[in-house]
Amino acid sequence: MLTSFHSRAQAEFHPAPSIEPPEETKLAVSSSLPANAGCIGSFVGADEGLKDSPFDRAFLKAAGFEGKVGQTLVIPRTDGPPLVAVGVGAMARLDPGTLRDAGAAFARAAGKQPNLALKLPDTGAVPADVAAQALTEGVLLARYRYRPYKQHSEQEPPLEVLTLVTGSKDTAAVEQGMARGGIHSRATAFARDLANAPATLLTAARMAEVAESLAERCGLKVEVFDGEALARLGCGGLLGVNAGSAEPPRMIKLTYTPGGSRQGPVGGVGRVALVGKGIMFDSGGLGLKPNDLVHATMKGDMSGAGAILAAMTALKPLGCKAEVTAYLMCTDNMPSGTAMKLGDVLTVRGGKTVEVINTDAEGRLVMSDGLVLATEQQPRPDAIVDIATLTGACQRALGVLSAGVIGNDQALVEQVKGAGERTGDTVWQLPLDRRLRQELESEVADLKNVGGDNAGAITAALFLEEFVDGLPWAHIDMAGTARAERDNAWRSKGATGYGTRLLIDFLVGFTPPREVRH
């Protein structure tokens, strides 16, 4: 009876409302203010740099408004919609990140208004299309809310229209940037939906169904591998982690080919393989996590796989020229009489054996199978990038605003870092210190799944490197960045969708880092 109830609930629940057309905000560009705008935003610098501000400086100063980045002041009017002064700091420091944060501040100050207009300022050295993209992302991501189970009548209505007012500026460039920002934001909202969804309803099998439903409209080929198929492939890492779960595992393989061609990448741009950790709920296995609020966040332990799936939906509309193959390694990690035990030895795809020392270090086990499969692609990929909520050690080292990146090819790592800077999904490089590899030595297997008490993010990366066969590889540890405990600029409380826009930017601009060893 209970199983039937859960099955019916899963069938009725839509885990990703953000990808449905009714939720899509209309994006508009106009040379003048729209008559139906419910709120109008205008930027003010902390200096005299923004000459076209409609506000009196003396009035703003008297109200305590200094033009600092993200500072806002709502000014009601009797003869029109309210005005919002939005601070952008010093003009000399204006950059896309500042504009993205300012757009988010405006969206939050505007509150429940469904129709917003934002005057595009003189953006200095920031190109008009880049500025428009950043502002659009800031507004749309700040207005994101996950509300499938909210029934309160006073909830914030969806944003119906966002208009960027250009004045005499290059309208075509603004339209291009705004459209790009809309694509990035919608994909990020999709990733947030997936990570916010209750784990009982978004299972590995349901995740696969979501991917299949998007295939045709997003220009993707989707292949789904169940437990029997994974056993035939020898994916002992994924199956070992799944052993304690009542929910079956899934590996979701996504393939994007530029222009829909099956002949390989257009113009020799290159091939990228992505591998994502898709732990739909992580209890810790038999090594159960502490009984605290961390359990409530473990539905988001599939954020790496979610970011990849969401990013893949944006490649066709953005005209990505790289061929991309992704492996989403999806399962629960649960305790039961059949769960993997400490001291068990798993055989990963390709034959390497792993001694399980910690059942809560499961992400690297499921990803090891995916990494090996990526190396076996023909033709071989020019680069492999994996992304995962992998280690608490990385969160403790870097906090919640930057992920860690570790790799064996500096040119590839630099591409990831550049994408992070452009999108605000920032990364900080940690060393791939191979002197620590000895900590993974096992007495009974080829390696064990954890190292010592220190440098946990680095030893986790060293474990993953064992399965990339020397190919250019970068690992993104997003453990700290996957979730926001409160609204912070464009990061709405809950799942952040981190990594989605980073991956989109990286893939669209990808350049093979070096000749691949075959």
Side-chain angles (χ1 to χ4, degrees), residues 22-46 50-89 98-123 128 131-145 147 152-169 171 174-175 177-179 181-182 185 189 487 489-490 492:
E23 294 294 323
E24 194 169 1
T25 301
K26 178 183 177 182
L27 304 178
V29 177
S30 175
S31 59
S32 59
L33 284 171
N36 59 346
C39 191
I40 300 170
S42 189
F43 295 100
V44 181
L50 292 177
K51 302 295 185 182
D52 57 352
S53 172
F55 305 107
D56 179 78
R57 289 273 177 180
F59 168 78
L60 294 177
K61 185 175 181 181
F65 182 88
E66 300 174 331
K68 295 179 180 178
V69 178
Q71 187 180 19
T72 58
L73 178 67
V74 180
I75 305 170
R77 298 190 299 168
T78 58
D79 58 346
L83 300 178
V84 180
V86 184
V88 292
T98 299
L99 291 170
R100 189 179 296 109
D101 289 351
F106 166 63
R108 298 197 189 285
K112 298 181 179 181
Q113 292 290 344
N115 191 330
L116 303 181
L118 188 56
K119 292 182 179 179
L120 192 67
D122 175 8
T123 54
Q133 177 181 345
L135 291 170
T136 302
E137 291 173 356
V139 172
L140 296 183
L141 294 177
R143 282 294 291 262
Y144 170 88
R145 294 291 183 270
R147 296 285 172 79
H152 304 303
S153 59
E154 68 272 16
Q155 69 173 287
E156 183 178 293
L159 179 60
E160 297 175 4
V161 182
L162 171 63
T163 303
L164 289 186
V165 182
T166 62
S168 60
K169 298 178 183 65
T171 299
V174 174
E175 288 176 343
M178 195 177 197
S185 299
D487 287 346
W490 48 268
S492 296

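Position 1 is the first residue of the sequence; numbering continues from there. All values derive from a computational prediction rather than experimental measurement.
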Side chains of [X] and [Y]: closer than 4.5 Å at any heavy-atom pair?
X: Leu162; Y: Asn115; answer: no
X: Ile75; Y: Phe65; answer: no
X: Leu159; Y: Leu116; answer: yes
X: Leu118; Y: Leu120; answer: no
X: Pro34; Y: Val165; answer: yes
X: Val84; Y: Ile40; answer: no
X: Met178; Y: Val29; answer: yes

Report the distance from atom NZ of Lys119 to atom OG of Ser30, rounding to the nearest 0.5 Å.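 Separation between the atoms: 11.5 Å.
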
Can you sort out the partners of Lys61 under side chain to side chain donor-acceptor pair (under 3.5 Å), two or more places apart, ordered by chain and number?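 Here no residue qualifies.
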
Residue set satisfying side chain to side chain donor-acceptor pair (under 3.5 Å) with Glu66, at least two apart, ordered chain then number -> Lys68

Do any pairs count as a side chain to side chain donor-acceptor pair (under 3.5 Å) and have a residue in residues 70-88, sequence neighbours left out, and if so which ones?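 Listed by first then second residue: nothing to list.
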
Residues Cys39, Phe106; criterion side chain to side chain contact (heavy atoms under 4.5 Å, CB included); working and verdict: CA-CA 10 Å; Cys39 191; Phe106 166 63; 4.2 Å; yes

Is the backbone of Leu141 close enough, under 3.5 Å, to the side chain of Ser492 for a donor and an acceptor to pair up by distance? yes

Answer yes or no: is there a donor N or O on one side and an acceptor on the other, between the side chain of Arg108 and the main chain of Ala142, under 3.5 Å?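 Yes, because the side chain of Arg108 sits within donor-acceptor range (under 3.5 Å) of the backbone of Ala142.
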
